[in-house]
Each structure stands twice: as structure tokens, then as C-alpha cells.
Protein chains: 2
Amino acid sequence: MKVTRAQIVDGAYELLRERGLSSLSMRRLAQDLGVQPGALYYHVANKQELLAVVAARVLADFPASPADPRSAAQDLRAALLRVRDGAEVVSFVQAYRPDVLTPTGALNRLFTDRFGPRQAEWAARTIVHYVLGFVAEEQNRAELVRAGIVDVEPAHERESAEAFLFGVDAILTGLAG
Amino acid sequence: MKVTRAQIVDGAYELLRERGLSSLSMRRLAQDLGVQPGALYYHVANKQELLAVVAARVLADFPASPADPRSAAQDLRAALLRVRDGAEVVSFVQAYRPDVLTPTGALNRLFTDRFGPRQAEWAARTIVHYVLGFVAEEQNRAELVRAGIVDVEPAHERESAEAFLFGVDAILTGLAG
DNA sequence: ACCTGAACACCGTTCAAGT
DNA sequence: ACCTGAACACCGTTCAAGT
């Protein structure tokens with residue numbers, strides 16, 4: 001059996017999207033691809049590097065040049081929600097591969113007319129931290145509900161979106177003032 | 001050899017504090033306590049439950065009744081920074097044991113005079129999400145530097161505190177407006 | 001060049017059997 | 001009541017040997 005790097009990345013992304021982070025192991029990925037675990041390491045340095053590429057794919061449909069910070073925040077949340085544990089993976093990768101995180105860069109640009117470079121960066125990170133924290137909690141709860149560990153009905157999307165925008169608008173109002 | 005639940009919790013907390021989350025395994029903890037891994041499960045249901053108790057201890061020196069949201073945010077950050085991976089552990093526990101998270105409750109109370117109960121809750125969560133996200137990134141970077149994976153000099157505490165407060169003040173200004 | 005087989009050093013959790 | 005011994009079903013990673 002043969003695998004390409006592209007197949008590995010595709011497989012990892014699909015595994016994450018539909019089974020979640022706890023199912024995304026190198027061994028299971030290898031099995032899905034019909035190959036021995038060691039074979040993956042010929043195409044990929046290690047799991048961290050693979051996760052970085054997968055995180056970039058999660059963020060792929062986040063627009064490169066969003067119109068305004070408010071819709072950028074909503075787009076970021078939407079992109080993260082499309083993949084199980086999306087926020088957790090992106091948070092993890094953000095720490096050691098900040099360059100993968102296009103949203104921070106895009107938001108940064110939206111603030112450079114209002115702020116100096118330092119504060120534009122801080123403003124962008126404030127939004128991103130909030131969005132990642134909010135969505136991570138949403139998705140963690142969803143995972144626990146799925147696993148039957150927690151039986152609290154997850155809030156309806158209507159209410160979640162409302163709570164989400166409350167925070168976004170507070171931050172943006174504060175940044176504007 | 002005998003262990004008490006208190007010894008297990010103390011040991012887990014110490015292991016986390018000085019060695020970090022990646023060293024906090026049930027097997028290593030058992031070894032530190034001079035006991036077989038299975039023995040732990042007589043005192044603790046599973047690792048998740050143990051982490052919930054440890055997270056509560058991380059937050060133990062967060063004041064129960066902070067004076068104002070700004071100092072509450074700083075106190076929360078300080079409490080998290082005292083323990084390696086403190087933010088990650090608290091974030092993880094927050095999802096399935098929100099009751100352990102006293103900070104949200106304390107912040108909630110500080111907002112109830114300005115807002116209705118729904119919005120006070122949202123306001124509190126906005127702050128907490130931001131703080132957890134900010135500190136998680138700080139600590140993740142610190143871990144990667146320690147591991148030699150990333151060699152970027154971590155920002156000085158002066159600058160980190162400044163960036164942190166920039167976000168806190170933006171959020172609080174927005175909430176006030 | 002790329003993969004297999006097999007190992008190394010780990011995990012969390014369970015449970016009969018011991019004391 | 002509490003612990004041990006031993007197992008089960010996993011991990012990520014490495015690497016000689018094969019093709």
C-alpha cells in the first residue's frame with residue numbers, strides 16, 4: 001500500500017471533522033488509510049505538524065479579507081463549528097504556529113487604521129481569544145453530551161449566537177471607545 | 001502501601017504545578033505515591049473527576065468576592081499562572097463542571113446591578129473566555145519553549161500584563177457603554 | 001523511495017484475587 | 001476496606017529490514 005501526504009492530511013481532516021479529536025490518532029489514521037503506523041512518518045514529521053496542517057484547513061473557508069470585525073468574528077465561529085473540536089485544535093496550533101492563524105492577521109489589518117501596530121495586534125488577539133474560548137466551550141459541551149457524560153440540553157443555536165454576539169459587540173464597542 | 005483521597009489530590013496538584021499537564025498521568029501519580037495504578041480508582045472515579053478537583057484547587061486563591069471586574073480578571077490570571085497549564089486544565093473542566101468555576105459566579109455577581117441575569121451571565125463569560133484564552137496561549141508558549149520546540153523568547157511579564165489589560169479594559173469599556 | 005514488522009516506552013481503566 | 005497483579009485496549013515514535 002502507498003499513501004501520499006495529501007491523502008494523510010485529507011484523512012486526518014475527515015477523521016477530525018466527523019469523529020473528533022479523541023479519534024484522531026496516528027494509528028487509527030494509518031488503519032483508515034490501509035497502511036502501517038510507521039509509514040505516516042515518512043510523509044509527516046509528527047502528529048503536531050499534521051495537526052498544524054489540519055488546523056489550517058479548518059480555517060480555510062474563513063475569508064482572507066473580511067469586511068469588518070463583527071462579521072469576521074462570526075465567520076471565524078462558523079468555520080470552527082464546521083469541524084468537531086475545531087476550536088481546540090486551532091487553539092493548540094495557535095501556540096506554536098501563530099503564522100497558521102490567518103484570522104489574527106486578517107483582524108489585525110482591520111484595526112490598523114484605528115490603532116498603532118502594537119494595539120492593533122492586541123485588539124485582534126482579544127477577539128480571537130474570545131471566539132476560541134467561546135466556541136471551545138460550545139464544542140466541549142457538545143462532545144460531553146454525545147458521550148453521555150453530561151445530559152444538559154445544549155443551548156439552541158439561536159441563544160448561542162445571541163450570547164456570542166453580546167460578547168463580540170461588547171469587545172468591539174470597547175475597542176471603538 | 002495506603003493512600004487517601006487527599007494525598008491523591010495533593011499529589012496530582014503538585015505534579016501539575018511543577019511538571020505540567022503532560023506529566024500528570026494516573027500511572028505516574030500512582031508511582032509517586034508508591035502505589036499501583038489501580039489503587040487510585042478506589043478513591044477517585046476517573047481522571048476527569050480528579051482533574052475537576054485539581055482545577056478547583058487552582059482557583060482556590062481566587063478571591064470569592066472580588067471588588068471589581070478589572071481586579072477580578074487580574075486575580076484570575078494570577079491564579080492560573082501559578083500552576084503549569086493552569087488555564088488549560090480549568091478550560092477543560094469548565095465544560096463539564098461549570099459549578100467548579102467560581103470566577104464566573106463571582107464576576108456574574110459584579111454585573112447583576114448593571115444587567116439582567118441573562119446578560120450578567122454573558123458578561124461574566126465574556127471576561128472568563130478572554131482570560132482563559134489569553135493565559136492558555138501564554139502557558140502553551142511557555143511549555144513549548146521549555147520543550148525546545150519553539151525558541152522565541154517569551155514576552156516579558158511587563159508587556160504581557162499590558163497586552164492583557166488592554167483586552168480587559170476594552171471588554172469592560174464595551175460592557176459599560 | 002517508501003513501506004512493513006516489530007519493538008520501545010508509555011497511556012486509562014477494570015477486576016479477580018489477596019490481605 | 002483497600003491494595004496488588006495482571007490484563008485489555010489503546011497511544012506516538014523509531015528503525016532495521018525488506019521491496
Side-chain angles (χ1 to χ4, degrees), chain A residues 1-16 19-55 84-85 88-89 92-93 95-97 140 143-144 146-150, chain B residues 1-16 19-55 84-85 88-89 92-93 95-97 140 143-144 146-150:
Chain A
M1 269 296 159
K2 282 225 171 198
V3 266
T4 64
R5 186 180 157 98
Q7 286 175 327
I8 291 172
V9 174
D10 288 353
Y13 175 79
E14 282 308 311
L15 210 42
L16 180 70
R19 306 276 173 202
L21 189 54
S22 68
S23 295
L24 177 44
S25 71
M26 299 300 273
R27 296 184 100 101
R28 166 145 193 189
L29 177 56
Q31 201 180 344
D32 285 8
L33 297 170
V35 94
Q36 295 297 316
L40 302 180
Y41 289 86
Y42 192 89
H43 303 277
V44 147
N46 49 40
K47 192 178 179 180
Q48 279 197 22
E49 194 222 301
L50 179 56
L51 280 179
V53 182
V54 170
R84 272 173 78 171
D85 298 317
E88 196 164 321
V89 171
F92 176 71
V93 170
Y96 73 104
R97 278 287 164 86
N140 281 338
E143 290 303 317
L144 292 163
R146 247 189 270 243
I149 296 168
V150 131
Chain B
M1 266 297 159
K2 282 223 169 197
V3 266
T4 63
R5 187 180 157 97
Q7 285 175 328
I8 292 172
V9 173
D10 288 353
Y13 176 78
E14 281 309 310
L15 209 43
L16 180 70
R19 306 275 175 204
L21 189 55
S22 69
S23 296
L24 177 44
S25 70
M26 298 301 273
R27 296 183 101 100
R28 166 143 193 190
L29 177 56
Q31 201 180 344
D32 286 8
L33 297 170
V35 94
Q36 295 298 315
L40 302 180
Y41 289 86
Y42 192 90
H43 303 277
V44 149
N46 48 42
K47 192 178 179 180
Q48 279 198 22
E49 194 223 300
L50 180 56
L51 281 179
V53 181
V54 170
R84 272 172 79 171
D85 298 318
E88 196 163 322
V89 171
F92 177 70
V93 170
Y96 73 104
R97 280 285 165 87
N140 281 338
E143 290 304 316
L144 291 163
R146 248 189 269 245
I149 297 170
V150 130

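Owing to the predicted nature of the structure, the values given are computational and were not obtained by experimental measurement. Letters go in sequence order (proteins before strands), and every chain restarts at 1.
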Next on the checklist: Under a 3.5 Å distance rule, please check whether B/Glu49 uses its side chain to pair with a backbone N or O of B/Ala45 as donor and acceptor.
Outcome noted: yes
Next on the checklist: Rounded to whole Å, please give me the gap between CZ in B/Arg19 and P in C/dC10.
Outcome noted: 14 Å
Next on the checklist: Quick check on C/dC3: is either OP1 or OP2 less than 4.0 Å from any side-chain nitrogen or oxygen of A/His43?
Outcome noted: yes
Checklist entry - What dot-bracket string describes DNA chain D from 5' to 3', counting Watson-Crick and G-U wobble pairs whose defining distances are under 3.5 Å, with [ ] for crossing pairs and | for pairs to another strand? => result ||.|||||...|||||.||
Item to check | Given DNA chain C, 5'-ward residue of the pair A/Gly34 and A/Arg27, judged by closest heavy atom | outcome: A/Gly34
Item to check | Salt-bridge criterion met for A/Glu143 and A/Arg19 (N-O under 4.0 Å) | outcome: no
Item to check | Nearest-nucleotide comparison on DNA chain C, the residue closer to the 5′ end among B/Ser22 and B/Gly38 | outcome: B/Ser22
Item to check | Side chain to side chain, B/Tyr96 and A/Asn140, heavy atoms closer than 4.5 Å | outcome: no
Checklist entry - Separation of B/Met26 atom CE from C/dC11 atom P, in whole Å? => result 12 Å
Checklist entry - Once you round it to whole Å, what is the distance between C1' of C/dC8 and OH of A/Tyr41? => result 13 Å
Checklist entry - Tell me: CD1 of A/Ile8 to C1' of C/dC2, nearest whole Å? => result 11 Å
Item to check | Contact nearer the 5' end of DNA chain D, comparing A/Ala39 with A/Leu24 | outcome: A/Leu24
Checklist entry - If we take the P atom in both D/dC10 and C/dA9, what is their distance in whole Å? => result 22 Å
Checklist outcome for this item: Here the distance between atom P of D/dA1 and atom CD of B/Gln36, to the nearest Å, is 22 Å
Checklist outcome for this item: For B/Ala12 and B/Val54 the tightest heavy-atom approach is CB-CG2, 3.8 Å
Checklist entry - When the distance from OH of B/Tyr42 to C1' of C/dC15 is rounded to whole Å, what number comes out? => result 14 Å
Checklist entry - Quick one: CZ on A/Arg84 to CG on A/Leu16, what's the gap to the nearest 0.5 Å? => result 9.0 Å
Checklist entry - Ignoring hydrogens and geometry, is there a side-chain-to-backbone donor-acceptor pair from B/Asp85 to B/Glu88 under 3.5 Å? => result no
Next on the checklist: One pair to check against side-chain contact (heavy atoms from CB on, under 4.5 Å): A/Met26 and A/Leu50. What are the steps and the verdict?
Outcome noted: CA-CA 10 Å; A/Met26 299 300 273; A/Leu50 179 56; 4.0 Å; yes
Checklist entry - Between atom CD in A/Gln31 and atom P in D/dG12, what is the gap in whole Å? => result 12 Å
Item to check | Closest to side chain of B/Ser25, choosing from D/dC3, C/dG12, D/dT13 | outcome: C/dG12
Checklist outcome for this item: To the nearest angstrom, the NZ-C1' distance between A/Lys47 and C/dC11 comes to 12 Å
